[in-house]
Amino acid sequence: MSEPATPLYNFEALGFVPGELVVVTGAASGIGRATALCAAKSGLTVAVWDMNGPGALATAKDISEAGGLGFAVTVDVFDEAQVERAWRETLAKGVCRYLVNNAGPPSVKKGPFGDLLRDALGSMERVTSLWLDHCGEQAAALVNIASIAGTAQGSGKTVSSFYPASKAGITGYTRWLATRHDGRPRANAVAPGITVTPRIAPMLELPAMQDLATRVPVGRLGQPEDIAHAVLFLLSPAASYINGVVLPVDGGVTLA
Ligand SMILES: NC(=O)c1ccc[n+]([C@@H]2O[C@H](COP(=O)([O-])OP(=O)(O)OC[C@H]3O[C@@H](n4cnc5c(N)ncnc54)[C@H](O)[C@@H]3O)[C@@H](O)[C@H]2O)c1
């Protein structure tokens, strides 16, 4: 029998200093939202970044109703000026020690290849560069959200060409970050398999998707919390000697 997807773990044991700040991008929904909620349970104060303002406010409200600390920042991370403004707004609350780059365009988005790569990969670079400019030596760790589409899984039937290209780019960028400055901040990536989020829901009925789902060795699709747990671990002081890895969180599907 499969394990339950969302048991209650002791996130405080991850070793974060209570009240330190983390930015989670795309935190109004899906993986980003689950990550924001777990980060708050682990004691971090969460800057909930999303282009969906009401959604970001809802995540921040859920964090505070669960006894945590969080605030919403409405920002389109594909827009340079908005990212600069969002950092100013966020850093007014204090130094940001942690970053989770999660927001990205959906795999089915259509448009010129170069434009989509700039949105998916370029936006992550801009968010990260400004973080490093502002927080420098105090930046402790970041986790970038890649995908098995960029590391292992053929996905020509379900995604646009830019998507695996950008996710592969994210893994390369993460490795570059991990070694650029004596391993400070630590930089790791998580490569989720199919994860049941609002974004993926309309695609679950596709034959290619159903075929993939039946091949997951643990016997179920991923839940946002499955990804969030891995993100929080890699971000945390408990993972202080892990730097430059790209961790598949896919129930083993890429080996099947
Ligand atoms: N769901 C999956 O199966 C899966 C698998 C592998 C990787 N991923 C990756 O995980 C990440 C999150 O995906 P999800 O499935 O949770 O999606 P989701 O649609 O449930 O949530 C994405 C969130 O990001 C926000 N967002 C999108 N573009 C933004 C922008 N330009 N600026 C600010 N916010 C923005 C959206 O408003 C939304 O709240 C993405 O990078 C995706 O590529 C997802």
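In this text the structure is predicted, and so the values were computed from the model without any measurement. Indexing begins at 1, ligand by ligand and atom by atom, following the structure's order.
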Participant: Quick one: table the atom pairs, ligand 1 N or O against protein N or O, below 3.5 Å, distance rounded to 0.1 Å.
Facilitator:
{"residue": "ligand 1", "atom": "1 (N)", "partner": "Thr195", "partner atom": "O", "Å": "3.1"}
{"residue": "ligand 1", "atom": "1 (N)", "partner": "Thr197", "partner atom": "OG1", "Å": "3.4"}
{"residue": "ligand 1", "atom": "3 (O)", "partner": "Thr195", "partner atom": "N", "Å": "2.8"}
{"residue": "ligand 1", "atom": "3 (O)", "partner": "Thr195", "partner atom": "O", "Å": "3.4"}
{"residue": "ligand 1", "atom": "15 (O)", "partner": "Thr197", "partner atom": "OG1", "Å": "2.6"}
{"residue": "ligand 1", "atom": "16 (O)", "partner": "Ile31", "partner atom": "N", "Å": "2.8"}
{"residue": "ligand 1", "atom": "17 (O)", "partner": "Arg199", "partner atom": "NE", "Å": "3.1"}
{"residue": "ligand 1", "atom": "19 (O)", "partner": "Arg199", "partner atom": "NE", "Å": "3.1"}
{"residue": "ligand 1", "atom": "20 (O)", "partner": "Ser29", "partner atom": "OG", "Å": "2.7"}
{"residue": "ligand 1", "atom": "31 (N)", "partner": "Asp76", "partner atom": "OD1", "Å": "2.8"}
{"residue": "ligand 1", "atom": "32 (N)", "partner": "Val75", "partner atom": "O", "Å": "3.4"}
{"residue": "ligand 1", "atom": "32 (N)", "partner": "Val77", "partner atom": "N", "Å": "2.9"}
{"residue": "ligand 1", "atom": "34 (N)", "partner": "Met51", "partner atom": "N", "Å": "3.2"}
{"residue": "ligand 1", "atom": "37 (O)", "partner": "Asp50", "partner atom": "OD1", "Å": "2.6"}
{"residue": "ligand 1", "atom": "39 (O)", "partner": "Asp50", "partner atom": "OD1", "Å": "3.3"}
{"residue": "ligand 1", "atom": "39 (O)", "partner": "Asp50", "partner atom": "OD2", "Å": "2.7"}
{"residue": "ligand 1", "atom": "41 (O)", "partner": "Asn102", "partner atom": "O", "Å": "2.7"}
{"residue": "ligand 1", "atom": "41 (O)", "partner": "Lys167", "partner atom": "NZ", "Å": "3.0"}
{"residue": "ligand 1", "atom": "43 (O)", "partner": "Tyr163", "partner atom": "OH", "Å": "2.6"}
{"residue": "ligand 1", "atom": "43 (O)", "partner": "Lys167", "partner atom": "NZ", "Å": "3.1"}

Participant: Taking it one step at a time, do Tyr98 and Phe16 satisfy side chain to side chain contact (heavy atoms under 4.5 Å, CB included)?
Facilitator: CA-CA 10 Å; Tyr98 300 98; Phe16 292 108; 3.6 Å; yes
Participant: List for me each residue that meets side chain to side chain donor-acceptor pair (under 3.5 Å) alongside Asn188, sequence neighbours excluded, and say none if there are none.
Facilitator: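 Per chain and number, Asn188 pairs via side chain to side chain donor-acceptor pair (under 3.5 Å) with no residue.
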Participant: Output all residues satisfying side chain to side chain donor-acceptor pair (under 3.5 Å) with Arg88, sequence neighbours left out; order by chain, then residue number.
Facilitator: none
Participant: For the pair Ser123 and Asp119, evaluate side chain to side chain donor-acceptor pair (under 3.5 Å) and give the outcome as yes or no after the intermediate values.
Facilitator: CA-CA 5 Å; Ser123 68; Asp119 286 351; over 6 Å; no
Participant: Take a 6.0 Å sphere around CD of Glu84 and say whether it holds more than 12 heavy atoms from other residues, nucleotides or ligands.
Facilitator: yes
Participant: Which residues satisfy the side-chain contact (heavy atoms from CB on, under 4.5 Å) test with Leu247, sequence neighbours excluded?
Facilitator: Ala230, Leu234, Val249
